[in-house]
Amino acid sequence: MSTAEIAVTLLGVAGIAWVNWYFFIAGAGR
Amino acid sequence: MTATATIPVSGMTCAACSARIQRTLEKTPGVATANVNLMTGSATVSYDPAVVVPSRLVETIRETGYGAEMPTPDGSAENLLGAQDESRAGETRELRRKFGVSMVVAIIAMALSMPLAELVGHGSTADPLMALMMPLTDGLRQAMPWINAVSADAWRWLLLALTLPIVGWAGRHFYTRAWAAFRHHAADMNTLIAVGTGAAFLYSFAVTLADDWFATRGIEPHVYYEAVIWIIALILLGNLLESRARGQTSGAIRRLIGLRPATARVVRNGGETEIPLAQLRPGDEAIVRPGEKVPADGTVLEGRSNVDESMLTGEPVPVAKGPGDSVVGATLNRNGAFRFRVDRTGSDSVLSRIIRLVHEAQGSKAPIQRLADRISAVFVPVVLSIAIATFVIWFDFGPEPAYLHALVAAVTVLIIACPCAMGLAVPTAVMVSTGRGAELGVLIKGGEALERSEGIDVVVFDKTGTLTEGRPAVRAVVLGGESEPGWDESRLLALAASVERLSEHPLGEAIVAAAKERGLTLVEPTEFESRTGRGVVGVVEGRRVAAGNLGLMADLGIPPGSLAPEAERLAGEGLTPVFVAVDGRLAGMVTIADSIRPTSSEAVARLERMGLATVMLTGDNRRTAESVARSIGIGRVLAEVLPDRKLDEIRRLQESGQVVAMVGDGLNDAPALAQADVGIAMGTGTDVAIEAGTVTLMRGDPIGVSTAIGLARRTMRVIRQNLFWAFIYNVIGIPIAAGALYPAFGLRLTPAMAAAAMAVSSVTVVFNSLRLRNV
């Protein structure tokens, strides 16, 4: 795997985590 | 103190939109409750006027990214609908304009993109649709040879110039609403469109600004401006079709409102004056000529005519009207002229009540909607996650240029996902079917009523007034027992009628009517007692008179004697005997019959064919009840049930695990109607207790019961189809958009194809619901 692919994969995982946190967890408390 | 305001809201496209506005309103200080309705495009808010004013509520809605107008001063359904119509018409006009411009620009952009794609590398376009179009470029090039001289950079800037107005004007609302939702930690269809087109646009913009930077890194400087424009154009087309179709779903209520005449001819100062309907007041005397519509509810004072009440009751045969009869506003006068006194106008009128009821029903939520709401709530974040995963997988494992395929696939996933179809699945069907019901003279109070009506196992008819006309009439007066010498039938009837004068029972009323018809003189009883389920006892001209059933006679210790066999025989013919005793001795009996409605047996047969059990509930004696049931063909009889026990009978049926519908006249059986899973109130045209049941039959015809249940069954079928298609569309569409078929078949979708599929999916749901108009 190239550095770019590893970086995109990590960013992707972080992105998915953030989307789910923002809409389901952070949004639920409001 | 709380006040209520109904605010027209525009721009809502799915359940998530209405849910978000509702949440925001509920959080506003001073707001007690808020109910935002997607289908009727309105927000009904209860608020404390000391804390918040309507203009602030309008502001609050606008801050969420949607349009809102100041509430109309008169919150009647007609005015609200008028305001909504205006707002919807404006919305449709704007959508049409935006779509028209976007479509023209999309075609131009497509034509311009082709030579550009050739310049930057013919075979490697990641968009199969564009690749398909490529041969056309040769023709274009031959027609306009100067195209060859234009540089790729110039093409990109030109395309950017075309895209900017589409993103900034035609598609602007997608971005503003997505942003408003995002700030509230919510996501809806606008989020998907905004993120999808936004990603494609920003990438293309970066390429336009710094194509050399991309080129030197071995990345072909592709732009996706035409995809952005196509997506916006096609989604606008979907919204436009949907907005127009949703306008049609409220057609039924519009037709109801359109029934009302514009003016009324009133008698003022001895002469006739034509005045606008709004100026008509209760107490006015109005004149209706042949062929004219009755302007308001009232009572005929003079003249005779036949009035066509089909628009309210569905009953096609005109009804004869004469002095003392009531007429309903908006019905059509046929052949005669009459003068009548106006009793009710405006929001009190029967038509207004129907309009209000249908309007409320159309906006109500069916329990099945909760399923759609639950899916919609998690849908968009899940799709965003899938889009990110798609990008990563294509980037890591896809063919070169991997990042381009990854971008296109991720954008396609965002665009193909359609939460709107799911949001529209239930409310459109509820709206069309309740509207259609109103046209058939069946008022169904909303989605929950529809859902419950579908599951009915057994239909219980309260005999009087539903299977029978509800107008019992005296058939015969029989002297017997120990009647005094010299008495005749008239004497017996006069005594019975005098004591029944104070009774409100239909049988008592029949006896009084018969006596009056024969011109008998009635006297005021000096004592009176009504015994529920038994009869009446009183003192008339110093004599103790009792009129009632065998139970009453038994209570008083009076044996039926020689009249018993005769009473038995008459009961077997469906007649109801009322025994009359004078001074403790049986003097005779009055037999009463309530004629069976001509359509009763057909109504029962239809229900049986639909697989429903039928039960007749009555206070009548068993012999009479069984005879009536036999002639109608009804399955089961519950006879001699006192009025207050009807509720228990319904409860008993429910306890045996059955879903029970109760059909009554809505007047004296209200508790049983309320206890039943579905209470069906059967009105008789003008005098209808339309608020009494979950379902109201405007026409005095029991066939309406099968119409209502049939409509409910079809509606639920359409709802399930809608939900199924909306769900399956996404389940199939999203993986294909993500490229699931690429490894095996090399098949991929483009963002523009995804936009078209999404538009088709929500429009399909609306059109499937519109089929209910033909029930």
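Since the model is a prediction, treat every value here as computed from it, not as a measurement. Here is how names work: the chains are called A, B, and so on, in the same order as the sequence lines, proteins then strands, and each is numbered from 1.
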Practice item. Could you list the residues that satisfy salt bridge (charged side-chain N to carboxylate O under 4.0 Å, His left out) with B/E63, not counting sequence neighbours? Key: B/R56

Exercise for review: Could you tell me whether B/Y742 atom OH has more than 12 heavy atoms of other residues or ligands within 6.0 Å of it?
Suggested key: yes

Exercise for review: Report yes if some heavy atom in the side chain of B/V378 is under 4.5 Å from a heavy atom in the side chain of A/F23; otherwise report no.
Suggested key: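 With C-beta onward as the side chain, the pair stays apart.
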
Point to revise | Minimum heavy-atom distance B/P381-A/F24, with the two atoms named | key: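 Between these two residues, the closest heavy atoms are CB-CZ, 3.6 Å.
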
**Study point:** Least distance between heavy atoms, B/S385 atom then A/V19 atom
**Key:**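 Heavy-atom minimum between the residues: OG-CG1, 4.0 Å.
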
Exercise for review: Would you please name every residue forming a side chain to side chain donor-acceptor pair (under 3.5 Å) with B/T28, sequence neighbours left out?
Suggested key: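 For B/T28, no residue satisfies side chain to side chain donor-acceptor pair (under 3.5 Å) once neighbours in sequence are set aside.
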
Exercise for review: Can you measure from CG (B/L384) to OH (A/Y22) and round to the nearest 0.5 angstrom?
Suggested key: 12.0 Å

Check your understanding: Atom CE in A/M1, atom CZ in B/F397: separation rounded to 0.5 Å?
Key -> 5.0 Å

Exercise for review: Taking heavy atoms only and a threshold strictly under 4.5 Å, list by residue number the residues of residues 9-16 of chain A that touch chain B; give 'none' if the list is empty.
Suggested key: A/T9, A/G12, A/G15, A/I16

Exercise for review: Please look at A/A4 and chain B and tell me whether the side chain, the backbone, both or neither of the residue comes under 4.5 angstrom of a heavy atom of that chain.
Suggested key: both

Review point. For B/A186, is it the side chain, the backbone, both or neither that has a heavy atom under 4.5 Å from a heavy atom of chain A?
Key: backbone

Exercise for review: Kindly write out the residues that satisfy side-chain contact (heavy atoms from CB on, under 4.5 Å) with B/A68, not counting sequence neighbours, or none if the list is empty.
Suggested key: B/I7, B/V58, B/I61, B/R62

